[in-house]
There are 2 protein chains.
Amino acid sequence: MTPDDALLALAHVVEPGDERIGRMVDSLGPEAVIARLRDGARGDGPAQGLQARLDAFDRARAQAAARDAQARIVLRDSPEWPSQLDHLGPARPFALWVVGGPHLRLAALQSVAVIGARASTAYGERLAHDWTASLADAGWTVVSGGAHGIDGAAHRGALAAGGVTICVLASGVDVAYPRAHAALIARIADTGLLVSESPPGSSARRQRFLTRNRIIAALTRGTVVIEAALRSGTTSTANAAHALNRPVLAAPGPVTSPMSAGCHQLIRDQRAVLASQWGDVVDLLGAIGDGDGDVDRAIPPAAPTDALTHGQRLVLDALPLRTGLALDAVVRESGLSASAALACLGVLTAAGLAEQRGDTWRAVRV
Amino acid sequence: MTPDDALLALAHVVEPGDERIGRMVDSLGPEAVIARLRDGARGDGPAQGLQARLDAFDRARAQAAARDAQARIVLRDSPEWPSQLDHLGPARPFALWVVGGPHLRLAALQSVAVIGARASTAYGERLAHDWTASLADAGWTVVSGGAHGIDGAAHRGALAAGGVTICVLASGVDVAYPRAHAALIARIADTGLLVSESPPGSSARRQRFLTRNRIIAALTRGTVVIEAALRSGTTSTANAAHALNRPVLAAPGPVTSPMSAGCHQLIRDQRAVLASQWGDVVDLLGAIGDGDGDVDRAIPPAAPTDALTHGQRLVLDALPLRTGLALDAVVRESGLSASAALACLGVLTAAGLAEQRGDTWRAVRV
């Protein structure tokens, strides 16, 4: 069994986001983990379940299923793999199933998640549509989850502007969920991308929505929450982005609207920056490494650090190349507030200019 | 000439907020400054203007004018003087003209400024009315500027709940401005208070609105901005409150409303905390020294520090009694973020538990 075959098998048998298996793979390599699982060396409950799934796994059938779904399988470390997903650490996917023309890694380089409530209001849908149309027009790839409400409006806005939009599904790429969005999801596949870390045929189970949300957060430079109820699934994606130190923005709305209450809470708790226009998104997430994804660009891209904001430059200058610096030290060295420094670290990390190890950050030589 | 007569004369002849004269009074005392101004010892332009005004000042006529306006004159350091105005330093008023039954110092102890755009929307007026009615119902004195739009709605909400509301005027207390609010201002005087630092008969001049705004900010524990256009007079009051380290809250609204744009900017710049319900105001400003103003209270008031939030207690514990501590040190000692520590310092200072000297804070023994 090759390493690639082992990763493919793991992608079929391990539930998304399983950090325990992820850590084993990181330390032993995929083939050794497969061998252990086959041997039943770890005889506890979960491993036994995995052993049974592994026995049922058939490589040829898996590849045929991908072909039938018109999907390509993008394994970890393959050229199309978006390396920003590696920030998920041991919880990162073993593989992604991808449907659609654009190159996933390039399309995701300058991407933003635009997400929100399923039970959205006309106000929120209008915002989602208008902002994503403008973002798409400005060259941003809009990533969302294909759900009713804000997600659907976000995909539609990007499509209306002729932009690339990526739908990250909690089901397999051949299972349109929700059913009512089958036509929208087919339209996305025409010009954009469908992505899933579950094999074709997988249904959208509750746990998979949560693990899917971390993919949306990790794939993008930042997340924009248009509408969210208190304690909602949208808040889970926002928290995932926040945990990855990716900037989160939230649109305010009338305080009388329950669908804005989650946004207001994120802003008040300083887990999100207030965004009142789409330009705020570009101001916060923008500019870094803009040349990278723009393969048609006639002018050679500038140095990736040229487009840094003043604050990002202060933080980058504060980071050593060898040893990591804890947040406190970054705050001290940069003179920024802790929240501003964290936001800058998130952008620098997403841009590949900085690297997080545990609780510390170091600069990456570019 | 007694010190009181000298303060009264200064209140008539010096423009509100004149820090130069204020510093002279702080170092020489009011009588000496009056004597200097009379002698024309400072022969430069502004002092000559003051000298002419001083020659025209007549103590008996001034007192008659106050009587005619049914106003009492509250001098610095008199029992009814709200000592929180002293945080304005040399820019604090020499005297206030006050109309109405309540005791100004006691009424202002648990007070909140609720202010906003003149060109308000129905959404903002509804919020202002509902929040001030609830705040008044909870025992808060609502302070505003009597203007069209949000100010008027704030006064009306407090009146509707049978609460005390204070209107701080840029004109004299006998000059209803705006004219269309003459009946509202008369209603406020029936159960609440009219306050001005300009003598009766003074008109509402442009500069006096700005100096008036600092009184609203300094009189209250914090300021709530309901609606504000970008770069508006409302923003000036919010900035005055921010400069005094009094907490500022702002209500969000639809991003499509220009009247919410100023609020969104204050929140995004972290000059205001997002407030989505009136309870947020109480949570941030509340509880400190609640017993002090409640003269009818049957249960003896608790120690003023009993009602501190956890963060406020951390900050207070960090403050020494003798030497002041700079903000950086407060942040380090309390473990709070800089903005949270500043907000706590503002509340503690407004409650008389801490004292600011230059860039440092120290605890006040209570």
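What you see is a predicted model, and the numbers here were worked out from it, not measured in a lab.
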Should B:Trp278 and A:Val255 be marked as a side chain to side chain contact (heavy atoms under 4.5 Å, CB included) after you check the CA-CA gap, both sets of side-chain angles, and the distance that decides it?
CA-CA 11 Å; B:Trp278 73 272; A:Val255 299; over 6 Å; no
Task: Residues A:Asp280, B:Arg268; criterion side chain to side chain contact (heavy atoms under 4.5 Å, CB included); working and verdict - done: CA-CA 10 Å; A:Asp280 292 340; B:Arg268 185 171 39 233; 2.6 Å; yes
Please flag which part of [X] lies under 4.5 Å from any non-hydrogen atom of chain A: side chain, backbone, both or neither.
X: B:Ser337; value: neither
X: B:Ala275; value: backbone
X: B:Gln270; value: side chain

So CD of A:Gln277 and NE2 of B:His264: to nearest 0.5 Å the spacing works out to 11.0 Å
From the list A:Leu274, A:Val273, A:Ile267, the residue making the most non-hydrogen contacts under 4.5 Å with chain B is A:Leu274
Looking only at B:Ala261, B:Gly253, B:Ser257, the option with the highest number of non-hydrogen pairs under 4.5 Å against chain A is B:Gly253
Within residues 115-130 of chain A, the residues sitting under 4.5 Å from chain B by heavy atom, in sequence order, are A:Tyr123, A:Leu127
For residues 241-251 of chain A, the side chain to side chain donor-acceptor pair (under 3.5 Å) pairs (sequence neighbours left out) are A:His87-A:Arg246
